[in-house]
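Report on the structure given below.
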Amino acid sequence: KFTAPDPDMLRFTVQSHLTNLHRDAIDILRIHHKDFVASDRLREIIYALRESGEIRSLCLIRHYLDDQRDYIESGPTEESDGDLVMYNYVCRGQSTGIDKAMEQGKGVLVMKALGGQWIGWDDKVSPHWSRTKKEALPEFAPKRDKVAENLDLIYPVSVGPWGDLAEAGHDRPRTSAAVQWALQNPGVSSVLVAVSSVDELEEVLDVVH
């Protein structure tokens with residue numbers, strides 16, 4: 001995974017990783033969509049790496065709001081083999097892009113299946129959590145500055161309604177229920193899950209094998 005790679009260093013970095021890993025190819029190279037579309041040179045290097053077989057597939061990361069909106073409206077780009085998209089029980093807009101990806105035979109890797117770890121799962125699923133005001137949200141987050149800078153992205157997915165996923169007779173939904181919800185979409189190839197405790201991890205493993 002690269003966030004904002006220097007195009008002229010990308011080939012060297014990939015080849016160094018291949019040497020260190022004792023591999024002939026990297027299966028999936030993940031690059032932020034906004035960086036990929038902004039740089040002709042970056043795309044040129046990636047195409048060359050794919051042509052040489054040093055990378056087998058390209059996954060574009062749709063992390064930012066503009067990237068997400070583009071995916072919702074247009075689906076995957078022609079050059080990508082798959083996309084990493086934000087998709088979960090609360091944030092469902094990406095389903096239109098996922099449908100287009102499935103039609104084109106392209107992969108979809110889901111991030112933020114639990115709404116991200118900006119705010120802990122136990123907070124997000126508490127009955128009172130939906131009443132938390134947008135401006136107050138950073139007070140509950142370990143990385144306050146990061147949350148404050150991205151409230152438009154983080155607030156909607158943090159306040160729920162995650163509690164709807166709870167089983168009958170239970171107040172707290174299991175993390176596995178949130179992951180299972182994302183995986184039930186036939187266009188989703190896999191999920192990338194961040195957890196904040198061993199208990200959460202064990203719950204996720206109930207449905208991810």
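Just so we're clear, the structure is a prediction, and the values are computed from it rather than from any experiment.
- Residues meeting the ring-ring contact (aromatic ring centres under 6.0 Å, His included) test with Y47, sequence neighbours left out: none.
- The salt bridge (charged side-chain N to carboxylate O under 4.0 Å, His left out) test applied to D171 returns no partner, not counting sequence neighbours.
- Interatomic distance, Y155 OH to T132 OG1, rounded to the nearest 0.5 Å: 7.0 Å.
- In the hydrophobic clustering of this structure, L60 does not group with V110; members are Ile, Leu, Val, Met, Phe, Trp, Tyr whose side-chain heavy atoms approach within less than 4.5 Å, directly or through other members.
- In the displayed structure, Q184 atom CD is contacted under 6.0 Å by more than 12 heavy atoms of other residues, nucleotides or ligands.
- Not one N or O on the side chain of S80 forms a donor-acceptor pair closer than 3.5 Å with the backbone of D83.
- L65 and V37 fall into different hydrophobic clusters, where Ile, Leu, Val, Met, Phe, Trp and Tyr are joined by side-chain heavy atoms under 4.5 Å apart, directly or via other members.
- Applying the ring-ring contact (aromatic ring centres under 6.0 Å, His included) rule to Y89 yields the partners W181; only residues at least two apart in sequence or on another chain are considered.
- When all heavy atoms of P156 and L151 are compared, the closest pair comes out as CD-O, 3.8 Å.
- T175 and E203 form a side-chain donor-acceptor contact under 3.5 Å, judged by distance and modelled atom types alone.
- Atom CG of L84 and atom CG of L109 lie 4.5 Å apart (nearest 0.5 Å).
- No continuous path of ILVMFWY side-chain contacts below 4.5 Å connects I72 to V90, so the two sit in separate hydrophobic clusters.
- Although no hydrogens or angles enter the test, the distance criterion places no donor-acceptor pair under 3.5 Å between the side chain of W121 and the main chain of G116.
- To the nearest 0.5 Å, the span separating OH on Y64 from CG on D70 amounts to 15.5 Å.
- Residues Q94 and Q68 form a side-chain contact, since some pair of their non-hydrogen atoms from C-beta on lies under 4.5 Å apart.
- Contact check for E200 versus V193: no side-chain heavy atoms found under the 4.5 Å cut-off.
- Under the 4.5 Å side-chain heavy-atom criterion for ILVMFWY residues, a single connected hydrophobic cluster contains both L192 and V85.
- A single hydrophobic cluster is seen to contain both V179 and V195, as judged by linkage of ILVMFWY side chains at heavy-atom distances under 4.5 Å, directly or through other members.
- At a threshold of 4.5 Å between non-hydrogen side-chain atoms, the residues M102 and P186 count as touching.
- Looking only at side-chain heavy atoms (C-beta outward), V188 and I98 come within less than 4.5 Å of each other.
- The side chain to side chain donor-acceptor pair (under 3.5 Å) pairs that include a residue from residues 185-194 are Y87-N185, where partners are two or more places apart or lie in different chains.
- Contacts of S52 classified as side chain to side chain donor-acceptor pair (under 3.5 Å), with partners at least two apart in sequence or in another chain: E54.
- In this structure, CE in M111 is found 7.5 Å from CD1 in I61, a value given to the nearest 0.5 Å.
- In this structure, S158 has no side chain to side chain donor-acceptor pair (under 3.5 Å) partners at least two apart in sequence or on a different chain.
- For the side chain to side chain donor-acceptor pair (under 3.5 Å) test, residues two or more places apart in sequence or in another chain that qualify with D81 are R50.
- In this structure the side chain of F2 reaches within 4.5 angstrom of the side chain of T13, judged on heavy atoms.
- For R41, the side chain to side chain contact (heavy atoms under 4.5 Å, CB included) test picks out P7, D8, S39, E44, I45, with sequence neighbours left out.
- Counting only residues at least two apart or in different chains, salt bridge (Lys or Arg N to Asp or Glu O under 4.0 Å) contacts with residues 107-130 comprise D122-R172.
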Between side-chain atoms of residues 17-32 and protein atoms elsewhere (two or more places apart, or another chain), which donor-acceptor pairs fall under 3.5 Å?
from	atom 1	to	atom 2	distance (Å)
T19	OG1	Q15	O	3.1
N20	ND2	S16	O	3.3
D27	OD1	R56	NH1	2.5

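- With sequence neighbours left out, the side chain to side chain donor-acceptor pair (under 3.5 Å) criterion links K1 to no other residue.
- Between atom NE2 of residue H63 and atom NE2 of residue H33 there is a gap of 15.0 Å, rounded to the nearest 0.5 Å.
- Side chain of K34 to backbone of D66: no donor-acceptor contact under 3.5 angstrom is found.
- V108 has its side chain within reach of Y71: a pair of non-hydrogen atoms, C-beta onward, lies under 4.5 Å apart.
- Proximity of L10 to I46: side-chain heavy atoms (C-beta onward) are separated by under 4.5 Å at one or more points.
- Residues in residues 92-105 take part in no salt bridge (Lys or Arg N to Asp or Glu O under 4.0 Å) pair, two or more places apart or across chains.
- Across A113 and A178, no two heavy atoms sit closer than the pair O-CB, 3.6 Å.
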